[in-house]
Each structure stands twice: as structure tokens, then as C-alpha cells.
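Here is the naming used below: chain letters follow the sequence lines, and residue numbers restart at 1 for every chain. Excluded from the calculations below are hydrogen atoms, water molecules and symmetry mates; all remaining heavy atoms, backbone and side chain alike, are included.
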Number of protein chains: 2
Amino acid sequence: MLPFLSRADETMNANGDGMAQARETGTLGKLMVLLDLVTHADAPLRFTDILSLAGQPRGTLHRQLSHLVEEGLLEFDGDGRYAPGLRLLDFAARSWARNEFRLIAEPHLVDLQQATGETVHLGVLRGQSIIYLDKVEGRQPVRMYSQIGNASPCYCTGVGKAALSLLPAESLVDLLAGVNFTRFTAATHASPASLLAEIREIADQGYAFDREEHEAGIRCVAAPIWSDDRTFLGGVSITGPAYRLSMELLAQWVVPVQRAAGRIMEGMRIRLGPRR
Amino acid sequence: MLPFLSRADETMNANGDGMAQARETGTLGKLMVLLDLVTHADAPLRFTDILSLAGQPRGTLHRQLSHLVEEGLLEFDGDGRYAPGLRLLDFAARSWARNEFRLIAEPHLVDLQQATGETVHLGVLRGQSIIYLDKVEGRQPVRMYSQIGNASPCYCTGVGKAALSLLPAESLVDLLAGVNFTRFTAATHASPASLLAEIREIADQGYAFDREEHEAGIRCVAAPIWSDDRTFLGGVSITGPAYRLSMELLAQWVVPVQRAAGRIMEGMRIRLGPRR
DNA sequence: AGGTATTGTTCCATTATTTGGAACTGAATT
DNA sequence: AATTCAGTTCCAAATAATGGAACAATACCT
């Protein structure tokens, strides 16, 4: 069913990554670490906060931050606090608007939403996270940024586990080695071992459930999506509240979700040409 | 009415900018130019395309692109084409979700939307562009990224002209010197001169119209917003189709828009403390 | 107030990274 | 098989980043 699982894969990027590992991108890498620090903080940071977090000499840090501010990647308010810069929004808006995968997938997401009445997500695996590329919601107007673009853990989301099921065994182990398993709910996998067992099952079946593993009261079904050149691995999912989505109902949606995933992959092949 | 117009302003960032001007941010600046190039392109670019656009030696460009790809700011597909990276989405999602200004403004935007039934925008001036920070739409679920985060010209949007009316005369002239006036419609200002005249008027009145200057058939009313420390200048607007929004109707909405702007500014002062 | 600790900024010789020309590989085209 | 074009690698020279220390400004305490 998922032939890629067995085949050794040379296009997968080589480094196991580990995330905290020193990057090999020189100046840029150092600056990105800072940008990460500031964007991941709960509130704007003062110079000293960053100083202690980044462990850089004062002079160095000061210049680095100045450069980031000058480029609009950070903003520096009158109180001497650093916040993420608005230029990032412009970059992201363009990145999103033109994303081929998303454009191809969109109609199929809408179909799936209408067939089920529940919220549909599209996500891809990047590093150890799932980045949500799109979301089609049923009822109320959507505050989209709150979800789209957000990076979620791969080990406790439907899309995440579906994506992981596409990885060759070795890459999977490497990737999980770098993950630290935060326990969001009682159902969250707490170790690679139990996760690996489920992933194998998912690989056989071709679909994944999230049984309230990320957020209590929220369930989903997801089906994997991959590109021929394996540039990305990801998935589509249907998500909703547990009181409305019984496991039986979710089981009925396996086929529609898989069909949507299949159509999206077909769309990619047509759009991108056969040779990839 | 808008006292800031007359007062000399030392907090305004000093360089007239001019945009094409060589940046002073060393390595980062050069990389950002590349990132701009790729994200602003209509389609993914091949190495050679970028080579001709960037005017860098091949070896140099190749390494720079590799670094950007390694950091997830660009993606490199199997066909050797460079596209904006998805990591930008994650940065932006965080940047947006935590943005204080937006959080403070949001309820007032919703109020305004409900009072008028039309689409409400919140935008800030960054460089020569208006970046839309939020949008509250009436009817259909919103494809938000298509608007939020987008950078629009300041000289032909309601929010843009409202923001410009807050600038001291000198800064305004400097800023406009770097703008090239694209004529989007018959009503678009074609030169700084005619724009300046309108801006003066807007500064006196405290509100701005967009009379189908950016997009044919689309009108808006906007009111200016500023922070005490002038870290940002921006505005709120009500936008809609010309057939529904007569100039008379827009005139009736001047007061509600101004009131919303006033409440947002008040919210900022309370939240941020009096001393800024 | 006066003194002290804390925070933020600037400077510059040393160190590390980036640069860019040229040489190399591989694929597509004639 | 020969030729062009696209992409990648290499390394001495040029450039930018580093980090310690001195300086400035502000908050904190007594």
C-alpha cells in the first residue's frame, strides 16, 4: 500500500538534525537561532533576556540584533524590547499564496469539508514538526494565522503520524531520536517505542487516527501524502470534537480522507509533470 | 486635530531609505535581498534566473542559496527550482499571533464590521508599504493570508494615505521620493505633488478616502492610528464595492471609523502604560 | 541625594567567514 | 562525439563577524 516505506531512500536529507545541533550555515545560522528565540518567546524580550538565552558576548549580540532589526525581521520598541518583525508577514503571505502544493490541494480540501462538515487540515513534515499549510473550517469565519503556519509536533497529530509512516525505518528512528516527547494528554505517546509500533500499523493501513493525543477532546483521521521525489511528506486530516466524532464515525471517514489524499497526489503529478 | 504633523520628530528613523539603497547589514543584508527576490517572483526560480537577477558570481550565489535552503527560508525542489520556504510560515504565524497591536485592535475591528456590515482592515506603515495586520470580513469564510500580511502601496490605499498624513512634512517628502507611482486605475495619484495636496487635506480632516485608486470598483474610508512613541503609524478602514458604498455612505462612516481608531489608540496607551 | 548595580552601547585588533575567479562535473542538444 | 549550458566545488584574498573591555545611561538601594 505504501511502497515507499520499504525502499531505501537517497533523497532524504542526510543529517539526523537533532535541532539543537550546531548549524553549518555560518553567520545566517547564528542569526536564525536568535530569530527563533524571539519568535518563540511568549512576550517581547529585553536585551538581557536574550543575552542569557543566547549565551553570546554582549557586543556580538547587540550587533546581531541590530542587523535583524534593520532588516525588519525583528522590531525594537521604545521600551527596549524585541518582538518579531512584520516583514515576516509579508514573506509568509507570498510564500503561502504561491505555494503549489496548497493550490493543488485546496479544492480537494473543500470537497472533503463539505462531505463531512468538519474541519479539514493540510500539513507537511518539516524537520520534526508538522507545518499546517491550509485549513478549511465549517462554520464560523476563521482566524487563520492561529492555525495556518503553526508548527505542531509530529508524534501526536494525525497528519504527523501519517507523515512519519512514509519514512524509511532508519530515517524514522533518526528523526525520533531528536524529539522530546511532551505529554499533552493522557493519550500522548510518551516514548519512541510505543509510537514506532503505531507508526508501523499506520504504514500498513494507510491512515492514522489522533485519539485526543495532542488536545483533550479533539480527534482526527488523517491520510498520508507524498511527492514522487519525496521533497515533502504530509497529510490531510478531518478534525473535530470527540463528542461529535466517535471512533466509529472516524472509521467511516477513512475512505473519504484517503480518496482526497489520492486526488491531491494525482494533482501534483499532473501539475509537475511525470518525470519527478 | 493631528498635532504630530507639525512637530519635528526625532524618533522617526533617520534614513530616507529609498529601498534600493545598499543595506548596511553585511552578510544578512545580502541574503535578504535574495530572499526578497525569490519570494517576490511569480513562480519558483531556477539557479540561473536568480544568477542573472542578483548579479553575483556563481560560486557565491550558490553558497548563499544553500545556506538559505539549509535554514528553511527557501526550498529547493527536485527540478532545481527555488521557492519560498515553509519555515517563514511558522515565523509569521507566531509574529502575528502575539502581535500586541493587533490583539488590542481586534475587538474594535469586529465592532466596526458589525456596525457597517462591510470589510474592516487594520494596517501599519513599514517603509513605503502598508502591511495589513488584520481583516474582519462580513460574509464568507476568509482566505486570510491572501490579504493579511500583504504589503500594499501607501499612496493609493485609505490606510496608507491616513498613515502618511501623520508624518512630519519633511519625512513625508523623503519617503515619497523613493516611491515609484504605479498607476493602478484612472484615479491613482500619478505624482507626489497631487498626493501631497490630498495628504495635507487628510491631515486636517483626520480621515482618508480611497476613491477606487488601488482597485477599480473598490472604495474605502480610513482613519489614522499612531502610537505615542510613533513606533508605528497605520490605520483602520472600511472597504467595499463602489456600487454599494456611495461616497455619501462613506462620509457617514467617517465618525465610526474615527471612533474605532480612537478606541484602539486608547487601548494601546492603557496596555502599554502611560510613559511611552 | 549619593552610591552601586544593572542594563544597554560603542570601539577595534583578532579571528573566522565570505568572496569570486577558475576549474570541474554532468546533463541536454546538435 | 562534440558543444553548449547548468550546476557544483575549491581555495587564496578580501571582508565581515567576534568578543573583550571601556563607556554611557538608567534603575535600585540606603
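- Aromatic ring pairs are classed by plane angle as parallel below 30°, tilted from 30° to 60° and perpendicular above 60°; the pair Y155(A) and F184(A) is parallel.
- Within the 4.0 Å cut-off from OP1 or OP2 of dA17(D), not a single side-chain nitrogen or oxygen of Q64(A) is found.
- Of the candidate nucleotides dG7(D), dT9(C), dG8(C), dT9(C) has the atom nearest to the side chain of Y82(A).
- Checking the phosphate oxygens (OP1, OP2) of dA17(D), a side-chain nitrogen or oxygen of T27(B) falls inside 4.0 Å.
- Atom CG of L28(A) and atom C1' of dT19(C) are 16 Å apart (whole Å).
- The CD1 atom of I50(B) sits 12 Å away from the C1' atom of dG7(D) (whole-angstrom rounding).
- Straight-line distance from the NE2 atom of H67(B) to the P atom of dT8(D): 14 Å, rounded to whole Å.
- The base of dG8(C) sits within donor-acceptor range of the side chain of R58(A), with an N or O pair under 3.5 Å.
- For the pair H62(B) and dT8(D), the criterion of a side-chain N or O lying under 4.0 Å from OP1 or OP2 is met.
- Counting only heavy atoms from C-beta on, R63(B) has its side chain closest to dT19(C) among dA6(D), dT9(C), dT19(C).
- The heavy-atom pair separating R102(A) from L122(A) by the smallest distance is CA-CD2, 4.1 Å.
- Salt-bridge annotation for R81(B) and E75(B): absent, with no side-chain N of the basic residue lying under 4.0 Å from a carboxylate O of the acidic one.
- Atom CG in L31(A) sits roughly 15 Å away from atom P in dA16(D) (whole-Å rounding).
- Going from atom CG of L51(A) over to atom P of dG8(C) covers 9 Å, rounded to whole Å.
- Summarising the geometry, the separation between CG on L45(B) and C1' on dA6(D) is reported as 15 Å, rounded to the nearest angstrom.
- Distances shown here put a side-chain N or O of K30(B) below 4.0 Å from the OP1 or OP2 atom of dT19(C).
- At the heavy-atom level, T60(A) lies under 4.0 Å from base atoms of the strands shown.
- Salt bridge present: D36(B) and R87(A) bring a charged side-chain N and a carboxylate O closer than 4.0 Å.
- Regarding L65(B), its CG atom lies at a distance of 14 Å from the C1' atom of dT18(C), rounded to whole Å.
- The interatomic distance linking Q56(A) (CD) with dG8(C) (P) rounds to 16 Å, in whole Å.
- For dG8(C), one of the phosphate oxygens OP1 or OP2 lies less than 4.0 angstrom from a side-chain nitrogen or oxygen of T48(A).
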- Message: side chain to side chain contact (heavy atoms under 4.5 Å, CB included) for W96(B) and L88(A)? Distances and angles first, verdict last.
- Response: CA-CA 9 Å; W96(B) 190 79; L88(A) 292 167; over 6 Å; no
